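Since this is a predicted model, take the numbers as computed values, not measurements. The sequence lines fix the lettering, A, B, ..., with proteins before strands; numbering per chain opens at 1.
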Amino acid sequence: MGSASNSIAIHWFRQDLRLSDNPALSSALKSGRLLPIYILDEVNAEDAQIGDASRWWLHHSLMELNRSLKGNLRFYRGDATRILPKLAAETGAGTVSWNRCYEPWRIKRDTAIKEMLKEDGITVITENGSLLWEPWEILKSDGSPYRVFTPFYSQGRLNGRLPREPIAAPASISFAPADKYPETVDLAELNLLPRSNWTLKREPDWHPGEAGAQAQVRYFLENGLNGYKIRRNFPAAENRSRLSPHLHFGELSPHQVWHALSFKEHMPELDDDIGNFKTELAWREFSYSLLFFNPGLSNVNLQQKFDSFPWRSDAAALEAWQEGRTGIPFVDAGMRELWQSGYMHNRVRMIVSSFLSKNLMIDWREGARWFWDCLVDADLANNSASWQWVSGTGADAAPYFRIFNPVTQGTRFDPNGDYTRKYVPEIAALPNKWLFNPWEAPTDILEGAGIVLGQTYPAPIVDLKTSRRRALDAFSDLNDSRKAGVAS
DNA sequence: TTAAACTTCGA
DNA sequence: CGAAGTTTA
């Protein structure tokens, strides 16, 4: 162990911004004195640059991680394929470790780096730090990947191992000598914080970083799990985990979440809620599997027939949707929650996505792009897979003809109107009966609530009924022309 | 993780 | 005649 303890082990933090349950970090610590680094690689990311909300989160998460590492985290900015081999050579590191990422551009880059390091005689350690099951572990009996969630989860995962027990945080860390290393920059020089006034609008209830992630799990288990299965659909309720950004940046591993649930499994009354929450964790796994086996997931319709779908190009409608002024209150509430907080309740995500891709008939990729820029939990696998699911272009998707009615949905899932009134205060005085469809409210009700449609709040930019019909007709044409094409 | 249209049932 | 169940897209 003498030589090992003197050698330097670089751990490259990426989507694993934590010390506990970090397999590659733990391996690195056994190999030498730790040189922890982060590289903001905007060179290889090409068109997959992270958005403003994610950059804000990343900045704060890195600050927290550096604090946990007693200020030893080294920051770099640039092409990781150049920075990492150079750093390894100049520091004489014997080991480089990282936890695997699954975005296509990262796989390509990391594979190249691994080869370069190996040629230099450096030991490369890669581990699974962010998925319960590796995509290639969950396959159908013929060796092909699942395209439908239910069998993926109910049968496929049985072929994989049980999620491992979380690894404890290292008791102590021996750091590499704190000399200057080439090309190091300060965290501030990564320029992650937005220049616009966007941050001012955000609600201050996010706590990026490992400690915040742990606190959020505890909070959810005590305050959100009981009743989760039903109440998770109600955006005004506390029954959502809000773990997505923490999981995305790896401030917390899914294994830790899975394991934390086991402490509640002695309470039979929670069985349904725990089972349902595990299903949500498994959807994340399924999204990663879809991305791994369909690298074009963020841009290519999984159902090819949608390649000829007549998406409308309507810049004004897209902008109204983005800014939460479609005149459909439940949709506007969701879009404003997104803009103000960097987050949107899952039920509402489905409704605004359905509205964009069906009622407005705007290409789901426009919506995915907006979400990508606005969400603090923007995740290529989850975002792409979910948009394809809602818009009906995915393999195992809600059928295109399944169109959410935002009035019905609001009445059903925000029955007291708390969520809608919070984000659309200009119509808060409306009684519940007309809160979700003010355009149908009697004149005296509108007057009483101080509302002039088109002035104090927009008139709806589309008629729900006719736009629904338009989408269904376009979908029907798509299928007809396809049949005709096959027949001829 | 749907909704509209339609049918049936019971007051 | 409205509630509740069924079918269909």
Open item on the list: Under 4.0 Å, counting only non-hydrogen atoms across every strand here, what does R468(A) touch: a base, just sugar-phosphate, or nothing?
Closed with: sugar-phosphate
- [ ] Tell me what R232(A) touches on the nucleic acid: a base, only sugar-phosphate, or nothing, going by heavy atoms under 4.0 Å.
- [x] base
Task: Nearest heavy atoms of D377(A) and S244(A), plus distance in Å - done: OD2-OG, 2.7 Å
Task: Q304(A) atom CD: more than 12 heavy-atom contacts under 6.0 Å - done: no
TODO: Establish, from distance only, whether the side-chain atoms of D396(A) and Y146(A) form a donor-acceptor pair under 3.5 Å.
DONE: no
Open item on the list: Looking at D363(A), is its backbone amide N or carbonyl O close enough to the side chain of E366(A) to form a donor-acceptor pair, meaning the two atoms are under 3.5 Å apart?
Closed with: no
TODO: For L435(A) and P329(A), work out which heavy atoms get closest and say how close.
DONE: O-CG, 3.2 Å
TODO: Describe the nucleic acid contact of I403(A) in one word from base, sugar-phosphate, nothing, applying a heavy-atom distance below 4.0 Å.
DONE: sugar-phosphate
- [ ] Could I get the full list of ring pair (Phe, Tyr, Trp, His ring centres under 6.0 Å) partners for Y228(A), not counting sequence neighbours?
- [x] F220(A), F277(A)
TODO: Extract, from 5' to 3' on DNA chain B, the first and final nucleotides lying under 4.0 angstrom from some heavy atom of chain A.
DONE: dT1(B) to dA4(B)
Open item on the list: If you apply the rule salt bridge (Lys or Arg N to Asp or Glu O under 4.0 Å), what do you find for E127(A) with R164(A), and how did you get there?
Closed with: CA-CA 13 Å; E127(A) 304 274 6; R164(A) 63 154 187 274; over 6 Å; no
Open item on the list: Output the rounded distance in Å from CZ (R469(A)) to C1' (dA9(C)).
Closed with: 8 Å
Open item on the list: Taking the side chain as everything from C-beta on, heavy atoms only, tell me whether R421(A) gets closer than 4.5 Å to N432(A).
Closed with: yes
TODO: Pull out every residue in residues 350-368 of chain A that has a heavy atom closer than 4.0 Å to any atom of DNA chain B, ordered by number, or say none.
DONE: M350(A)
